[in-house]
Novice: 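Starting off with a structure, shown below.
The sequence lines fix the lettering, A, B, ..., with proteins before strands; numbering per chain opens at 1.
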Amino acid sequence: MVSISPFKEFRDECETALRDAMKKTYPHISFPHITLDFPPNPEFGELSSSMCFELAKQTAEKPREMADKIAKVIDIPQFPLTQSVEAAGGGYINFHVNLAEFFRLTLESARTLDTEYGYVRADKSRKIVVEHTSVNPVHPIHIGQARNPVLGDAIARILKARGHTVFRHYYIDDVGRQSAVIAYGYEKLGKPKFEEKPDHFIGVIYTITSCIMEVYRLKKAMEQATEENSELQQQLDDWMSVADDLKNKFPKLFTQLLDEINKDEDSESKVNNLIRGYESVDEKAKQLIREVCQLCMEGFKETLNRAKIFYDSWDWESDIVWSGDVVQILDKLKATPYVFQLGDILEFDADKVAKGLNLKQKLGLTENYELPSLTLVRADGTTLYTTRDIAYSLWKFQKAERIINVIGMEQTLSQMQLKLALYALGYAKQAENLIHFAYNLVRLPGYRMSGRRGRYITLDEVLNEAVKRAYDEVCKRSPHLSEEEKRRISNFVGIGAVKYALVEVDQSKPVVFTWDRVLDFEKNSAPYIQYSHARACSILKKASREPTEPDYSLLATPLERNIVLTLARFPEVFVDAAESLRPNAIADFVNALADNFNKFYNALPVIKAEPPELSDARLALVDAARMVFRNSLNLLGIEAPERM
RNA sequence: GGGCGGGUAGCCUAGCCAGGAUAGGGCACGAGCCUCCUAAGCUCGGGGUCGUGGGUUCAAAUCCCACCCCGCCCGCCA
């Protein structure tokens with residue numbers, strides 16, 4: 001017999017047993033749902049119910065008396081996976097699994113399903129767009145942003161394994177002010193050719209240009225201020241110190257850009273002209289901005305490919321604008337009662353939608369919280385990011401029935417406004433299927449990373465350092481390997497370590513970046529898990545035989561029990577991770593498996609175990625563990641190596 | 001001021017949605033383990049007011065209320 005979810009078979013047995021027993025012993029008591037938990041201690045079995053504590057209220061009995069009665073009437077032979085049932089403690093009902101049967105079911109299921117084991121298909125396969133990364137092409141991807149592609153890629157992989165058709169989209173935000181600033185700087189430098197990685201060079205130009213312009217703007221504002229303004233002064237001081245940094249780091253570029261920008265009477269309006277020109281398909285602006293963005297994107301692709309993160313679609317924001325979709329959506333919005341003119345600008349009344357359609361509770365908002373309105377169109381007629389995102393979202397909904405936007409939690413409000421705009425337009429179904437997967441920031445100790453200020457550690461640097469550190473480790477541990485093999489291993493170890501560190505923590509928690517954290521090659525890290533997988537492979541390779549005559553009743557140690565329970569639960573963990581969008585649940589799970597496996601590895605022989613039936617049973621166990629390591633790591637986009 | 005998210009040993013973290021038996025791990029620290037399938041490993045040890053105070057409950061890290069601390073958002077930025 002093969003099960004797609006072995007532990008669930010046992011769980012279902014326990015549930016059926018409890019229902020049957022309740023019918024026999026307490027036919028008149030109603031019990032809406034049966035809860036089964038993992039007991040804290042192996043002596044309490046593998047599943048346990050505390051339902052008697054609750055139900056005892058309806059009888060006059062003590063919970064323990066009820067538990068005794070219920071346990072007594074359960075007909076064990078009817079349940080092949082169940083070894084015994086007993087009442088315990090103050091009123092628990094503990095179920096002990098029939099281990100030999102359970103080993104057989106779990107190991108044979110894994111063996112049969114192999115690359116599919118654990119990947120429980122959803123009842124209904126959906127088309128899902130996962131939009132992730134979408135880093136603006138104005139500076140290299142930094143480690144703060146890198147949490148996005150790693151999480152997004154894992155989510156896409158998990159949903160695909162769940163049986164959905166997943167499209168991974170990258171939204172290239174080339175329409176806003178930032179792209180215009182970098183394009184402006186790039187042109188001022190005479191569209192230089194450069195040797196280094198394009199996104200890195202563009203990041204420098206962007207930061208310097210943006211900084212010079214910011215200093216100008218603030219100085220001007222100070223001059224115009226009638227009285228002393230300490231806030232402005234503070235901002236100016238801040239940017240002046242950024243300018244000093246940049247001048248020291250890039251003296252030639254800085255001076256050159258400063259000179260060129262000085263030649264313009266009003267750099268601000270030049271940039272604004274670019275923004276306007278780009279939106280209205282001015283050929284020169286179009287050519288210039290596309291060129292810069294394209295260059296930067298080449299750099300991104302190089303980095304992301306290296307991290308084994310791929311996309312199905314690269315969506316240019318400008319295409320959405322130029323196609324007329326944005327204007328069309330604006331017209332439709334104007335026809336609703338939720339848009340109003342405020343001076344020269346057009347506003348969207350998000351609160352009115354929430355109130356009018358009675359959505360506040362549904363959106364998790366308190367009734368008296370007033371949602372801020374959203375500016376749709378600037379006084380100069382250009383649109384804003386979220387406005388364009390409305391059109392983009394509807395465009396995505398042409399491809400899929402559900403959209404998951406992997407976007408930082410600082411954009412919660414605008415994502416909410418976006419959703420409300422869909423409601424306002426009458427797309428309630430789409431609005432409900434628009435999911436903001438919000439993740440918390442990655443910070444450097446002491447300060448937040450800032451692209452504009454050039455304060456960041458790039459993903460490239462982190463990957464390089466990780467691979468380098470991994471290389472040193474490989475040389476230390478496996479000096480006999482060929483140079484090529486060492487390089488190959490250090491590559492997947494280093495990159496795996498970085499990805500694992502970013503996916504391991506619950507997405508709602510902030511992560512403070514330290515090298516220590518990311519370059520951890522010990523327990524609770526990708527290398528630790530990869531190593532465990534490699535160990536399993538190594539045993540199987542050395543054994544070089546199939547487990548033809550396993551006797552699962554010989555697997556009697558707690559170490560073996562723990563492994564099989566973990567393996568059997570993988571499908572349930574997977575389903576939860578997929579349904580709740582919690583990739584870190586997979587990371588947690590596979591790390592726990594590695595713990596169990598390494599303890600087993602250390603304590604018990606496999607190949608040399610006697611009798612051969614025990615050796616075969618252990619081989620089957622190791623093989624199943626190998627598959628679950630591999631299948632778990634696949635979900636996280638981390639390589640499962642056969643040796644390292 | 002309002003909204004959202006977070007607060008679990010020196011540091012990091014799981015468990016919280018669906019309340020149950022002794023709050024799991026990891027790092028760091030101390031003591032051990034390679035004639036034996038890979039020591040990126042294993043064994044043992046100390047280390048906890050689960051932010052604070054109330055409430056609900058037979059039972060609260062978990063649910064409710066209030067408060068405190070940290071972060072983010074409330075822009076004609078994205």
Novice: Just checking A:V474: base, sugar-phosphate only, or nothing, at a heavy-atom cut-off of under 4.0 Å?
Specialist: base
Novice: Between B:rU57, B:rA14, B:rA21, spot the one nearest the side chain of A:K57, thanks.
Specialist: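 So the side chain of A:K57 is nearest to B:rU57.
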Novice: Expressed in whole Å, how much space separates the C1' atoms belonging to B:rU22 and B:rG32?
Specialist: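 My reading of the C1' atoms in B:rU22 and B:rG32 gives 27 Å.
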Novice: Distance check, P atoms only: B:rU8 and B:rC74, in whole angstrom units.
Specialist: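 That atom pair is separated by 27 Å.
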Novice: From NZ of A:K486 over to P of B:rA40, roughly how many Å is that when rounded to an integer?
Specialist: 15 Å
Novice: Does any N or O in the side chain of A:S538 come within less than 3.5 Å of the main-chain N or O of A:A534, such that one atom is a donor and the other an acceptor?
Specialist: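 Checked: no pair found.
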Novice: Can you tell me how the ring of A:F589 sits relative to the ring of A:F570, calling it parallel under 30°, perpendicular over 60° and tilted otherwise?
Specialist: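 The rings of A:F589 and A:F570 lie parallel, inter-plane angle below 30°.
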Novice: Could you give the CD-to-C1' distance, from A:E504 to B:rA14, as a whole number of Å?
Specialist: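 It is 10 Å, rounded to the nearest whole Å.
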Novice: Using the C1' atoms only, state how far B:rG24 lies from B:rA14, rounded to an integer number of Å.
Specialist: 7 Å
Novice: Among B:rC77, B:rG20, B:rU38, which is the nearest nucleotide to the side chain of A:R378?
Specialist: B:rC77
Novice: Specify the closest pair of heavy atoms between A:M213 and A:R177, including all atoms of both residues, with the distance to one decimal.
Specialist: CE-NH2, 4.0 Å
Novice: Which part of the nucleic acid, if any, lies within contact of A:L604, taking any heavy atom under 4.0 Å across all strands shown: a base, the sugar-phosphate backbone alone, or nothing?
Specialist: base
Novice: Apply the syn/anti split at 90° from 0 to B:rC34 and say which one it is.
Specialist: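 The base of B:rC34 is oriented syn (glycosidic angle within 90° of 0).
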Novice: With a 3.5 angstrom cut-off on both distances, give the Watson-Crick or G-U wobble partner of B:rC63, or none if there isn't one.
Specialist: B:rG55
Novice: In whole Å, I'd like the distance from the CD atom of A:Q341 to the P atom of B:rC76.
Specialist: 14 Å
Novice: Just how far, in rounded Å, is C1' of B:rA40 from CG of A:N491?
Specialist: 17 Å
Novice: Under 4.0 Å, counting only non-hydrogen atoms across every strand here, what does A:R582 touch: a base, just sugar-phosphate, or nothing?
Specialist: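 Counting heavy atoms under 4.0 Å across all strands, the contact made by A:R582 is with sugar-phosphate only.
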Novice: Mark yes or no for a side-chain to base donor-acceptor pair under 3.5 Å between A:S50 and B:rA21, with no hydrogen or angle criteria applied.
Specialist: no
Novice: Quick one: label A:F53 by what it contacts on the DNA or RNA (base, sugar-phosphate, nothing), any heavy atom closer than 4.0 Å.
Specialist: base
Novice: Base, sugar-phosphate, or nothing: which does A:D351 touch, judged by heavy atoms less than 4.0 Å apart?
Specialist: nothing
Novice: When you get a sec, tell me which of B:rG15, B:rC73, B:rG41 is the closest nucleotide to the side chain of A:L413?
Specialist: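 The closest nucleotide is B:rC73.
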Novice: Can you find a side chain N or O atom of A:Y528 that sits less than 4.0 Å from OP1 or OP2 on B:rC42?
Specialist: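 For A:Y528, the contact criterion (side-chain N or O under 4.0 Å from OP1 or OP2 of B:rC42) is met.
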Novice: Measuring from the side chain of A:R517 (C-beta onward, heavy atoms only), which nucleotide among B:rU13, B:rC37, B:rC42 has the closest atom?
Specialist: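 The answer is B:rU13.
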Novice: Could you tell me the separation between the CE atom of A:M416 and the C1' atom of B:rC4, rounded to a whole number of Å?
Specialist: 8 Å
Novice: Using the side-chain heavy atoms of A:E54, tell me which of these nucleotides is nearest: B:rG25, B:rA39, B:rA59.
Specialist: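 So the side chain of A:E54 is nearest to B:rA59.
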Novice: By the 4.0 Å heavy-atom rule, please label A:T382 as base, sugar-phosphate, or nothing.
Specialist: nothing
Novice: Is there a donor and acceptor pair closer than 3.5 Å between the side chain of A:D588 and the base of B:rU13?
Specialist: no
Novice: Any side-chain N or O of A:K509 under 4.0 Å from OP1/OP2 of B:rG5?
Specialist: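 No, because none of the side-chain N or O atoms of A:K509 sits under 4.0 Å from OP1 or OP2 of B:rG5.
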Novice: In the strands shown, is B:rG1 matched to any nucleotide by a Watson-Crick or G-U wobble pair with both distances under 3.5 Å, and which?
Specialist: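 Partner of B:rG1: B:rC74.
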Novice: On RNA chain B, does the nearest nucleotide to A:I93 precede the nearest nucleotide to A:I539 from the 5' side, or the other way round? Give the residue.
Specialist: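 Its nearest nucleotide being more 5', the pick is A:I93.
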Novice: What nucleotide, of B:rA21, B:rA18, B:rC4, holds the atom closest to the side chain of A:T412?
Specialist: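 Of B:rA21, B:rA18, B:rC4, B:rC4 is nearest to the side chain of A:T412.
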Novice: Heavy atoms under 4.0 Å, any strand shown: does A:R618 hit a base, just sugar-phosphate, or nothing?
Specialist: nothing
Novice: Between B:rC72, B:rA40, B:rA21, spot the one nearest the side chain of A:I489, thanks.
Specialist: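 The nucleotide sitting nearest to the side chain is B:rA40.
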Novice: Is a donor on one side and an acceptor on the other found under 3.5 Å between the side chain of A:K334 and the backbone of A:F340?
Specialist: no
Novice: Using heavy-atom distances to pick each residue's nearest nucleotide on RNA chain B, tell me which of A:K599 and A:D516 is more 5'.
Specialist: A:D516
Novice: Which part of the nucleic acid, if any, lies within reach of A:Q530 when heavy atoms closer than 4.0 Å are counted: base, sugar-phosphate only, or nothing?
Specialist: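 If one applies the 4.0 Å heavy-atom cut-off, A:Q530 turns out to touch nothing in the nucleic acid.
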Novice: In whole Å, measure the gap between the C1' atoms of B:rC36 and B:rG26 for me.
Specialist: 28 Å
Novice: When rounded to the nearest Å, what value does the distance between C1' atoms of B:rC42 and B:rC34 take?
Specialist: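 Looking at atom C1' only, B:rC42 and B:rC34 are 11 Å apart.
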Novice: Looking only at the side chain of A:R477 (C-beta and beyond, no hydrogens), which of the listed nucleotides B:rC76, B:rG5, B:rA39 gets closest?
Specialist: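 Closest of the options to the side chain of A:R477: B:rA39.
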Novice: Please work out whether the ring planes of A:Y392 and A:Y171 are parallel, tilted or perpendicular, with thresholds of 30° and 60°.
Specialist: parallel
Novice: At under 4.0 Å between heavy atoms, what does A:V512 touch on the DNA or RNA strands: base, sugar-phosphate, or nothing?
Specialist: nothing
Novice: Evaluate the criterion salt bridge (charged side-chain N to carboxylate O under 4.0 Å, His left out) for residue pair A:E15 and A:R11; output intermediate values, then yes/no.
Specialist: CA-CA 6 Å; A:E15 209 177 308; A:R11 185 189 297 280; over 6 Å; no
Novice: Heavy atoms only, 4.0 Å cut-off, all strands: where does A:P40 land among base, sugar-phosphate and nothing?
Specialist: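 Base contact - A:P40 has a heavy atom under 4.0 Å of at least one base atom.
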Novice: May I ask you to evaluate whether A:T375 reaches the phosphate of B:rC76, defined as a side-chain N or O under 4.0 Å from OP1 or OP2?
Specialist: yes
Novice: Between B:rG75 and B:rC69, how far apart are the two C1' atoms, rounded to whole Å?
Specialist: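 That atom pair is separated by 28 Å.
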Novice: Sticking with atom P, work out how far B:rC68 lies from B:rA28, rounded to a whole angstrom.
Specialist: 38 Å
Novice: Determine the minimum heavy-atom distance between A:D174 and A:S318, stating which atoms define it.
Specialist: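 Residues A:D174 and A:S318, closest heavy atoms: OD2-OG, 2.5 Å.
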Novice: A:K523 side chain N/O closer than 4.0 Å to the phosphate oxygens (OP1, OP2) of B:rC42?
Specialist: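 Answer yes for this pair, as a side-chain N or O of A:K523 is under 4.0 Å from OP1 or OP2.
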Novice: Would you say A:R443 places a side-chain N or O within less than 4.0 Å of OP1 or OP2 belonging to B:rC72?
Specialist: no
Novice: What contact category does A:N136 fall into here, base, sugar-phosphate, or nothing, at under 4.0 angstrom with non-hydrogen atoms?
Specialist: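 Here A:N136 touches the backbone only, sparing every base.
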Novice: Within the 4.0 Å heavy-atom criterion, would you say A:P510 contacts the bases, only the backbone, or no part of the nucleic acid?
Specialist: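 The answer is sugar-phosphate, as A:P510 gets under 4.0 Å only of primed atoms, P, OP1 or OP2.
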Novice: For B:rC50 versus B:rC58, give the span between their C1' atoms, rounded off to a whole number of Å.
Specialist: 22 Å
Novice: Using the aromatic ring of A:Y601 (for Trp, its six-membered ring), decide whether it stacks on the base of B:rG41 within the limits of 5.5 Å and 30°.
Specialist: no
Novice: Should the side chain of A:N524 and the base of B:rA40 be counted as holding a donor-acceptor pair, with the cut-off at 3.5 Å?
Specialist: no
Novice: Can you find a pair of side-chain heavy atoms, one from A:C293 and one from A:W316, that are under 4.5 Å apart?
Specialist: yes
Novice: Report which part of the nucleic acid A:D520 touches: base, sugar-phosphate, or nothing (heavy-atom distance under 4.0 Å, all strands).
Specialist: nothing
Novice: Mark yes or no for whether A:T133, through its side chain, and A:V135, through its backbone, hold a donor-acceptor pair below 3.5 Å.
Specialist: no
Novice: May I ask whether A:Y92 stacks on the base of B:rA21, given the cut-offs of 5.5 Å between ring centres and 30° between planes?
Specialist: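 Here A:Y92 meets both the 5.5 Å and the 30° conditions.
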Novice: Using the side-chain heavy atoms of A:S508, tell me which of these nucleotides is nearest: B:rG41, B:rG5, B:rC77.
Specialist: B:rG5
Novice: Within the supplied structure, the quantity of interest is the number of heavy atoms (other residues, nucleotides, ligands) at a distance under 6.0 Å from A:E485 CD; does it exceed 12?
Specialist: yes
Novice: Counting any heavy atom closer than 4.0 Å, what does A:I607 reach on the DNA or RNA strands: base, sugar-phosphate only, or nothing?
Specialist: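 Contact class for A:I607: base.
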Novice: Quick one: which of B:rC58, B:rG41, B:rU22 gets closest to the side chain of A:N598?
Specialist: B:rG41
